[in-house]
Amino acid sequence: MKKLLNNVDQVVEDMLNGMAAAHSTYLRRLQNTTVLVRKQSPVNGKVGIVSGGGSGHEPAHGGFVGKGMLDAAVAGEVFTSPTPDQVFEAIKAVDGGKGVLLVIKNYTGDVMNFEMAAEMAEAEGINVQQVVVNDDVAVEDSSFTSGRRGIAGTVFVHKIAGAAAESGADLDEVKETAEKVIHHVKSMGMSLSPCIVPAAGTPGFELAENEMEIGTGIHGEPGVERTSILSSKETARLLFDKVQDDLHLQKGDRAAVLINGLGSTPLMEQYVFTSDVKEILDEHGIETADVIVGEWMTSLEMAGISLTLLKLTPDLEEKLFAEADTPAMKRFAK
Amino acid sequence: MKKLLNNVDQVVEDMLNGMAAAHSTYLRRLQNTTVLVRKQSPVNGKVGIVSGGGSGHEPAHGGFVGKGMLDAAVAGEVFTSPTPDQVFEAIKAVDGGKGVLLVIKNYTGDVMNFEMAAEMAEAEGINVQQVVVNDDVAVEDSSFTSGRRGIAGTVFVHKIAGAAAESGADLDEVKETAEKVIHHVKSMGMSLSPCIVPAAGTPGFELAENEMEIGTGIHGEPGVERTSILSSKETARLLFDKVQDDLHLQKGDRAAVLINGLGSTPLMEQYVFTSDVKEILDEHGIETADVIVGEWMTSLEMAGISLTLLKLTPDLEEKLFAEADTPAMKRFAK
Amino acid sequence: MAAEWLKRFAETVEKNKEELTKLDQAVGDGDHGINMNRGLQEVLRKMEEVPADSPGGVVKAAAMICISKVGGASGPLYGSALMKIASALGDEEDVEGKQLTKALRDGVDAIKKRGRAEEGEKTMVDVWEPAVQALEQGSSWQELTEIVKKARDNTIDMKATKGRAAYLGDRSIGHLDPGAVSSSYFFLELACVMEESS
Amino acid sequence: MAAEWLKRFAETVEKNKEELTKLDQAVGDGDHGINMNRGLQEVLRKMEEVPADSPGGVVKAAAMICISKVGGASGPLYGSALMKIASALGDEEDVEGKQLTKALRDGVDAIKKRGRAEEGEKTMVDVWEPAVQALEQGSSWQELTEIVKKARDNTIDMKATKGRAAYLGDRSIGHLDPGAVSSSYFFLELACVMEESS
Ligand SMILES: Nc1ncnc2c1ncn2[C@@H]1O[C@H](COP(=O)(O)OP(=O)(O)O)[C@@H](O)[C@H]1O
Ligand SMILES: Nc1ncnc2c1ncn2[C@@H]1O[C@H](COP(=O)(O)OP(=O)(O)O)[C@@H](O)[C@H]1O
Ligand SMILES: [Mg+2]
Ligand SMILES: [Mg+2]
Ligand SMILES: [Mg+2]
Ligand SMILES: [Mg+2]
């Protein structure tokens with residue numbers, strides 16, 4: 001394991017200090033917690049949005065704290081959901097009187113810990129609602145299981161629900177907006193190499209020199225299929241087809257595309273992939289209102305990429321393009 | 001070699017198409033060239049700024065094309081300077097009548113190719129000036145050699161010279177501003193693992209599991225020293241000391257910090273390193289006006305990081321914080 | 001007894017930390033050993049610092065730590081279970097067999113509720129439920145040991161439908177469930193301690 | 001003769017592409033073989049498509065391609081050299097020895113000027129300069145072959161002060177300079193072609 005760090009057990013602590021140091025105009029760290037909140041929290045008269053999860057997905061979620069996106073991000077240990085007490089601290093810090101929305105990625109641990117925090121907050125009279133993001137079409141959608149994972153599509157939820165909250169919408173409206181995004185967003189990823197949880201010291205899985213894994217999760221969870229390495233074009237088609245199976249985009253539909261590097265896949269390769277995705281969308285007559293490329297929801301140093309498509313409606317599009325100013329995502333009002 | 005691409009010989013071509021597709025509101029590709037220019041080029045009455053170099057450093061330089069930074073970026077093959085004819089096309093496309101500044105990273109190849117392009121442009125009556133960025137203190141500064149390399153500090157040159165140009169300064173002023181940045185900016189990097197040029201297919205150097213390389217260039221050039229792996233704190237101190245040897249920051253000085261991931265070093269580790277750098281700067285009583293963390297001048301999938309410090313003067317600081325809107329760097333006016 | 005039990009549980013988890021992590025790498029995200037060990041080491045520290053005066057007190061302190069230090073899926077699950085167990089034990093200084101069984105029943109019910117899981121879904125429930133049922137049916141501690149080991153191994157052939165392993169679908173078959181293994185330590189150490197003290 | 005020469009040069013570079021790249025990985029950025037091959041393959045294509053009618057014409061076409069297709073340091077250096085050589089050869093159909101030597105002198109001077117390099121800096125100049133000097137002093141093609149090989153190998157012990165290898169300082173010692181090696185092919189193939197045609 002080759003990593004630039006000081007102590008595997010302190011990595012989240014050190015990272016949070018670094019984020020607070022780098023982004024002090026945007027956010028601050030709540031003392032003795034793993035919570036980053038907007039510099040001026042709570043924002044009065046605004047619904048607070050809290051997200052978070054295990055660490056190792058940076059810039060998610062701390063990088064999205066700021067105007068037009070999140071009010072707080074709660075960090076757990078690497079790939080481990082944060083605990084309820086931490087989430088509760090975040091909720092208290094951002095409640096500006098209009099209630100708080102929790103944006104949870106669909107993992108058993110996250111759902112349970114956030115739920116326990118919500119119970120604690122409700123006991124203190126804070127109005128809390130939650131949405132659960134489950135955009136990963138690699139996983140079968142079934143009511144008998146815990147269902148689909150939340151992956152990079154979560155960034156669209158942050159952006160668009162954040163815009164709704166910023167515009168003064170009430171808690172129900174913000175929640176509804178978030179749910180609409182969740183309903184319209186689907187993702188799928190693949191990886192070329194695994195990642196190493198610092199405290200574990202060994203890779204989560206192994207791939208031969210000529211293999212790739214399709215449908216990998218963002219925690220090094222094994223994917224759904226292992227194939228020999230595909231070209232970018234083939235990969236784009238495979239991921240698009242799987243996403244499209246669920247999303248049913250029609251000719252003339254407008255969509256936002258998020259191409260997400262999982263960690264060590266260079267932007268060069270991400271742009272090659274972008275070009276292939278664009279070609280497929282053009283072929284289908286789907287209008288790409290927005291293409292976002294880069295690292296948004298990573299998986300430590302995993303090599304790989306995910307494709308997220310969001311089917312736009314006029315109201316979603318308007319909020320997608322609303323102003324945002326956060327460390328990792330900035331958007332000028334159009 | 002595990003990469004997501006279609007054809008090693010087409011990788012720059014495909015990447016440029018991807019960048020143009022993703023960032024069509026910012027830039028367009030000049031047909032049959034490897035040049036990305038601002039959507040509306042030339043901007044009349046504004047000095048044009050052209051930079052570029054070998055590919056593999058994304059988001060540099062195409063990601064910095066936009067308001068407040070570059071007018072054009074010229075891409076060469078991976079790690080190979082672009083040819084004069086391509087640079088010449090860029091110059092012609094962005095000359096809005098006030099002349100064009102070339103921002104060149106100090107590599108023999110880049111200097112020669114850009115110089116030849118400048119000769120071609122001058123022959124056509126275009127006013128061209130150039131600056132050469134040489135911020136890498138890993139390399140000895142000597143007038144007997146080709147001198148120091150240009151690395152991540154180049155991003156500050158783009159940002160600040162870009163702000164000068166945007167504000168209507170004339171060519172001499174923009175050049176002077178760029179030179180002032182160059183004079184005040186120093187960088188040094190290190191790496192934990194090499195990168196692979198797609199067309200070569202094998203890594204540029206090898207490092208044992210317990211080794212790191214200090215002073216690596218951004219093209220996989222071997223560094224100046226090989227040591228056993230240092231902690232983030234030790235690395236921060238080593239890089240800071242080397243940079244400080246040259247920059248002589250005093251207590252009370254204001255500085256901008258750029259922490260640059262070379263490719264596969266996760267943001268998590270970059271923030272750990274940021275926290276260590278901040279501690280050292282605080283110790284020295286140096287005020288950090290700005291801390292920029294992320295991937296700005298990469299080296300394909302190399303693992304590693306570089307530290308850049310820019311000593312600020314009031315005029316540089318003002319331009320550093322001026323509005324910028326490009327795919328990779330956005331800044332709201334303060 | 002409760003202090004000794006949790007101490008041995010913590011020690012066994014520490015000893016098998018890598019093993020648990022390896023199991024979780026195969027079907028999950030490779031942190032189960034790390035998570036459990038982080039919490040249980042804290043439990044050990046806390047027990048030394050402020051020794052509780054009743055079994056219920058010991059378990060309650062451990063529950064709080066699981067909830068606030070473990071995270072992931074296992075934190076709230078073990079935490080909720082221990083919390084219910086502690087409530088059932090109350091603050092009596094001596095706990096007899098029946099009361100303990102009753103408390104463990106509350107524990108497994110809490111896991112099933114929190115995790116929305118039933119038996120057969122390849123989770124820790126597949127150790128907890130058979131173990132508690134055995135005790136309810138009057139099994140000896142010796143017998144419990146065998147039942148727990150068998151229950152643990154039974155998870156190998158199961159297909160996961162809850163927790164992270166569920167994402168693997170059929171590919172989850174053929175692996176032990178990490179939470180079932182850590183839960184087997186929980187019951188095996190309990191049996192050990194109870195046998196020794198009987 | 002020029003066409004044959006450049007064709008053989010291109011073929012040798014292609015054959016040794018990996019070798020050149022390996023040399024450049026040791027002291028540079030690992031693309032010299034790729035750069036040269038990209039340009040010279042284009043030269044081959046161009047020669048087939050539009051055969052030039054004089055040696056000068058052939059070289060000029062190659063120069064243009066080097067400048068616009070090779071990039072890096074070697075592109076402008078070979079490009080400038082070939083451009084000057086072409087000028088010196090003019091459009092005569094037959095080129096005799098003296099004129100060729102004079103042309104190569106213009107070539108090496110162009111490299112030195114463009115690269116601001118002198119002999120002894122561990123660059124291609126360390127092959128070009130001794131090679132041209134030998135021709136100026138009347139060496140035979142056979143002798144040139146030996147001189148070029150020796151000049152090439154002499155770069156091993158040099159410390160680089162120009163080009164990317166200069167960043168290595170003393171660590172550049174002990175390696176062949178990649179540009180010196182590609183330049184040795186350039187002169188060795190010239191010697192070959194001239195000997196065969198004589
Ligand atoms: N819904 C659930 N109900 C019961 N147990 C579960 C559930 N989800 C997961 N588990 C248990 O938790 C274990 C994983 O714990 P851990 O690795 O610490 O958390 P995470 O899955 O969040 O990384 C699984 O092996 C399984 O036994
Ligand atoms: N200033 C210079 N003068 C003469 N030759 C040079 C100079 N700089 C580099 N070279 C030659 O160019 C070769 C490297 O070419 P290449 O690898 O294609 O370009 P780059 O260094 O830009 O990657 C070196 O081996 C050396 O022979
Ligand atoms: Mg986990
Ligand atoms: Mg090069
Ligand atoms: Mg786990
Ligand atoms: Mg080279």
Side-chain angles (χ1 to χ4, degrees), chain A residues 8-9 34 53-56 74-86 88 107-117 120 136 138-140 142 144-149 194-206 215-226 299, chain C residues 17-18 20-22 24-39 41-42 64-80 83 110-111 113-118 120-124 159-172 175 179:
Chain A
V8 289
D9 297 323
T34 59
S55 294
V74 193
E77 289 296 321
V78 178
F79 291 172
T80 301
S81 162
T83 54
D85 50 317
Q86 302 295 309
F88 181 40
Y107 298 95
T108 312
D110 291 64
V111 171
M112 291 190 296
N113 284 291
F114 276 77
E115 255 174 21
M116 284 168 83
M120 290 157 94
D136 188 354
V139 178
E140 215 190 324
S142 156
F144 296 110
T145 68
S146 19
R148 286 177 164 168
R149 300 178 285 222
C195 58
I196 299 180
V197 174
T202 55
F205 57 95
E206 264 161 44
T216 336
I218 54 172
H219 305 90
E221 302 105 324
V224 292
E225 190 191 338
R226 199 164 275 201
S299 187
Chain C
K17 193 178 98 172
E18 256 112 69
L20 290 173
T21 289
K22 244 186 243 155
D24 197 29
Q25 285 182 334
V27 294
D29 58 352
D31 60 359
H32 188 58
I34 304 165
N35 292 345
M36 292 299 295
N37 190 52
R38 183 175 49 245
Q41 288 303 309
E42 189 64 28
M64 291 304 296
I65 290 171
C66 280
I67 291 172
S68 67
K69 284 278 178 256
V70 175
S74 41
L77 292 171
Y78 275 100
S80 303
M83 195 59 92
I111 292 179
K113 186 164 164 226
R114 187 55 76 196
R116 299 181 189 108
E118 288 302 320
E121 303 205 79
K122 195 179 186 115
T123 70
M124 55 176 75
K159 172 173 163 179
T161 49
K162 286 287 150 65
R164 235 171 256 279
Y167 306 135
L168 283 179
D170 287 336
R171 282 166 80 192
S172 67
H175 299 276

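Lettering follows sequence order; numbering is per chain, from 1.
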Answer with side chain, backbone, both or neither: which region of [X] has an atom nearer than 4.5 Å to a non-hydrogen atom of chain A?
{"X": "C:Glu118", "result": "neither"}
{"X": "C:Ser74", "result": "neither"}
{"X": "C:Ile67", "result": "both"}
{"X": "C:Ala26", "result": "backbone"}
{"X": "C:Arg114", "result": "both"}

Side chain, backbone, both or neither: which part of [X] has a non-hydrogen atom closer than 4.5 Å to chain C?
{"X": "A:Phe205", "value": "neither"}
{"X": "A:Glu206", "value": "neither"}
{"X": "A:Glu77", "value": "side chain"}
{"X": "A:Pro194", "value": "neither"}
{"X": "A:Val197", "value": "side chain"}
{"X": "A:Val78", "value": "backbone"}

task = Check the pair C:Leu77 / C:Met124 against side chain to side chain contact (heavy atoms under 4.5 Å, CB included), numbers first and verdict last.
result = CA-CA 9 Å; C:Leu77 292 171; C:Met124 55 176 75; 4.0 Å; yes
In short, A:Tyr107 meets A:His219 closest at the heavy-atom pair CZ-CE1, 3.2 Å
For this session: Please determine, by modelled atom types, if A:Asn113 and A:Thr83 share a side-chain donor-acceptor pair under 3.5 angstrom.
Result: no
Between the OG1 atom in C:Thr161 and the NZ atom in C:Lys122, the distance rounded to the nearest 0.5 Å is 10.5 Å
(message) Any side-chain to backbone donor/acceptor pair from A:Thr216 onto A:Gly223? Under 3.5 Å, distance only.
(response) no
Q. Is a side-chain N or O of A:Arg149 found less than 3.5 angstrom from the main chain of A:Asp136, in a donor-acceptor match?
A. no
Would you mind telling me which of [options] has the largest number of heavy-atom pairs within less than 4.5 Å of chain A?
{"options": "C:Gly33, C:Ala166, C:Ser68", "result": "C:Ser68"}
{"options": "C:Asp24, C:Thr21, C:Asp31", "result": "C:Asp31"}
{"options": "C:Glu18, C:Lys162, C:Arg164", "result": "C:Arg164"}
{"options": "C:Ala160, C:Gly163, C:Gly30", "result": "C:Gly163"}

Test: A:Glu115 and C:Arg116 ion pair at under 4.0 Å = yes
Applying side-chain contact (heavy atoms from CB on, under 4.5 Å) to A:Ser55 and not counting sequence neighbours gives A:Val12, A:Met15, A:Glu58, A:Ala75, B:Met268
By side-chain contact (heavy atoms from CB on, under 4.5 Å), C:Glu42 pairs with (sequence neighbours left out) C:Arg45, C:Ile65, C:Lys69
Passes side chain to side chain contact (heavy atoms under 4.5 Å, CB included), C:Tyr167 versus C:Ser172? Steps please.
CA-CA 8 Å; C:Tyr167 306 135; C:Ser172 67; over 6 Å; no
